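The chains referred to below are lettered A, B, ... by the order of the sequence lines, with proteins before strands, and numbering in each begins at 1. What you see is a predicted model; the values in this text were computed from it and never measured.
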Number of protein chains: 2
Amino acid sequence: MNSRLVTIKLSGDKGTPVYQQIKDAIRAKMQSGEWQAGKMIPSENQLADSLNASRMTINRSLRELTAEGLLKRVHGLGTFVAEPPRHAHLVKLVSISDEIKQQGKQHSSQLLSVETVISDAELSERMQLAEKTPVYKVVLVHSQDSVPIQIEIRYVNPELVPDFLEVDFTETTPAEHLIKSIRPDELEHIVQAIMPSTFIAEHLDIPATEPCLKLRRRTFKGQRVVTAVDLVYPSSRYDLGARYAPS
Amino acid sequence: MNSRLVTIKLSGDKGTPVYQQIKDAIRAKMQSGEWQAGKMIPSENQLADSLNASRMTINRSLRELTAEGLLKRVHGLGTFVAEPPRHAHLVKLVSISDEIKQQGKQHSSQLLSVETVISDAELSERMQLAEKTPVYKVVLVHSQDSVPIQIEIRYVNPELVPDFLEVDFTETTPAEHLIKSIRPDELEHIVQAIMPSTFIAEHLDIPATEPCLKLRRRTFKGQRVVTAVDLVYPSSRYDLGARYAPS
DNA sequence: GAACTCAACTTGTATATACAAGTGATCTGA
DNA sequence: TCAGATCACTTGTATATACAAGTTGAGTTC
């Protein structure tokens, strides 16, 4: 009788559904590292017993987490923590911190610089601004469980986001702030394969011989460019991906 | 008494779950244009009655279709057909020959190999097939005005496309044939930056030091993989891009 | 007419129950 | 020893039932 109790605690939050609390609790287990990839988690019946929920409710939680790619279920065998599939959504407008947290990992970012630059010809073209006008620029490194995973080089239109430099980027990421404050209505991106510059290789902690993905993105409000950003990923650590129905 | 019967027909296919048949039937309604975007669809109770299924089963179908973005539900009001998201390019299922011709260039392709391979563990996983089953494989080089621009390494599910090897690939590309013969309803892709293998570098006529984009794509019909393909582009000659409205 | 109540719908969640079917270990018999 | 049956587990699906909660429109009252 090895029926050690399952040590899961629900938030008990009135107002959030039970199946959601269960999902959150399981995500937390994975995030904390207590449930590593490959581990078999308690069965539906065990969870139902120890959480005082019906098996159908447990089933819904596990089924949804499986659809989200966090769990893997084998008929007749059990439920296991999935290998994290390391890809980012190409299509959705999500901030990298959300994406990392979704996978049960820890996100952190380091602000490398904040400044106002005067646009040259190329940047003016890209931002659709007159030449030699001021543009805000920030550079950050994003890490997943302390491993650098993305460099963000972002330019922001000061006319549309005048308060941008006052944001505390230790609290929120630039992308989060921009999505929240300006609701962009159009999005453009281009993907390229590049060799990293020494600056990038250094901050991503990769050899200069390792290819990187560069996601060059612009978001628009009306016809005007809100922000233009280069997101550089080391290919060994992250892919970009998407799944959807074709038109 | 405006209780016109709901004219939905299930496949009745023993072996596929009822909730899945219902999802397929609803997708078909939308695909045929009978249920346009914005239309309110029958309520759970109406569907349950006319399909002889329990409301919980209907609920599961509708909930999953909502998660997939095909439906929109409003508490207390009803269920509606969602607006189709418009995305482009990276997102659309277009064959490279169309894309090249679109730009007013000349497309040509060279067939490097056609064969039947026996799936190993990795390929089986990717194709969602049992291990050590036969899979069709073709390799081509696509050129734009005689400059090689893409290598296509494609695997095809023989169960779903048994006639694949009989197609004349000097006439049509594999992608064209697959889009036309099987109308896939789901698409997944992952973008990576890679260094080319010597095989790839040779056929793309690039130095082995030039990074490439690898677009790894799978298309689905129902829940089954129709085809899995790697498309490798030399970064100096081609970018991938898209522009659309965020959700 | 305006405000309020209420009934009739909708979706959202939670439960108990049932059976099918896959997996792996153990037992059984030749 | 080996092959097969059986059992104890697992997930997968389907159902009936129940109540909560949001929305709308019809009816009532002032």
Side-chain angles (χ1 to χ4, degrees), chain A residues 1-4 6 10-26 38-82, chain B residues 1-4 6 10-26 38-82 128 130-131 222-224:
Chain A
M1 273 311 160
N2 191 2
S3 75
R4 196 169 61 81
V6 183
L10 301 188
S11 70
D13 179 10
K14 217 83 169 175
T16 69
V18 179
Y19 80 90
Q20 186 62 52
Q21 292 181 39
I22 295 173
K23 287 176 67 178
D24 292 342
I26 292 176
K39 177 191 161 64
M40 179 170 165
I41 76 170
S43 74
E44 293 189 351
N45 281 317
Q46 288 173 31
L47 287 171
D49 281 351
S50 64
L51 295 180
N52 274 315
S54 121
R55 195 196 137 207
M56 282 309 291
T57 303
I58 306 287
N59 180 271
R60 174 168 180 182
S61 303
L62 297 187
R63 188 150 38 77
E64 291 191 4
L65 287 172
T66 303
E68 291 167 26
L70 296 184
L71 294 178
K72 208 174 159 180
R73 316 196 75 190
V74 183
H75 190 175
L77 240 185
T79 304
F80 306 84
V81 177
Chain B
M1 269 312 160
N2 192 3
S3 74
R4 197 169 61 81
V6 183
L10 300 189
S11 70
D13 178 9
K14 217 84 169 173
T16 69
V18 179
Y19 80 91
Q20 185 63 51
Q21 292 181 40
I22 295 172
K23 286 176 67 179
D24 292 342
I26 292 176
K39 177 191 161 62
M40 178 170 166
I41 76 169
S43 74
E44 294 189 351
N45 281 316
Q46 288 173 32
L47 287 171
D49 281 352
S50 64
L51 295 180
N52 275 315
S54 119
R55 194 195 139 210
M56 282 309 292
T57 303
I58 307 287
N59 179 273
R60 174 168 179 182
S61 302
L62 298 187
R63 189 150 38 78
E64 291 192 4
L65 286 172
T66 303
E68 292 167 26
L70 297 183
L71 293 177
K72 211 178 155 175
R73 317 197 75 192
V74 184
H75 190 175
L77 237 186
T79 305
F80 306 85
V81 178
Q128 293 177 5
E131 222 167 305
Q223 298 304 309
R224 305 173 70 194

Identify which nucleotide among [options] has an atom closest to any side-chain atom of [X], counting heavy atoms from C-beta outward.
X       : options                : answer
A:Thr57 : D:dG22, D:dG12, C:dT15 : C:dT15
A:Ser54 : C:dT11, C:dA20, C:dA16 : C:dA16
A:Arg55 : D:dT10, C:dT10, D:dG12 : D:dG12
B:His75 : D:dT23, D:dT10, C:dT10 : C:dT10
B:Asn59 : C:dT13, D:dT23, C:dT10 : C:dT13

Can you measure [X] atom [atom1] to [N] atom [atom2] for me and round it to whole angstrom units?
X       : N      : atom1 : atom2 : result
B:Glu44 : C:dA8  : CD    : P     : 20 Å
A:Glu64 : D:dT11 : CD    : P     : 17 Å
A:Met56 : D:dA18 : CE    : C1'   : 15 Å
A:Phe80 : C:dG22 : CZ    : C1'   : 12 Å
A:Leu62 : D:dT13 : CG    : C1'   : 15 Å
A:Gln21 : C:dT13 : CD    : C1'   : 12 Å
A:Leu71 : D:dT11 : CG    : P     : 11 Å
A:Leu65 : D:dT11 : CG    : P     : 14 Å

Heavy-atom closest contact ([X] atom, [Y] atom, distance):
X       : Y       : answer
B:Ala48 : B:Ser54 : CB-C, 4.1 Å
A:Ser61 : A:Tyr19 : OG-O, 2.9 Å
B:Leu71 : B:Thr79 : CD1-CG2, 4.0 Å

Checklist outcome for this item: The residue, A:Val74 or B:Gly76, whose nearest nucleotide of DNA chain D is more 5′ is A:Val74
Checklist entry - Between A:Ile26 and A:Leu62, is any pair of side-chain heavy atoms under 4.5 Å apart? => result yes
Taking 4.0 Å as the cut-off, does a side-chain nitrogen or oxygen of [X] come that near to OP1 or OP2 on [N]?
X       : N      : answer
A:Gln20 : C:dG12 : no
A:Arg73 : D:dG12 : yes
A:Arg60 : C:dT13 : yes
A:Tyr19 : C:dA14 : no
A:Thr79 : D:dT10 : no

Checklist entry - Step by step, would you call B:Arg63 with A:Glu64 a salt bridge (Lys or Arg N to Asp or Glu O under 4.0 Å)? => result CA-CA 11 Å; B:Arg63 189 150 38 78; A:Glu64 291 191 4; 3.6 Å; yes
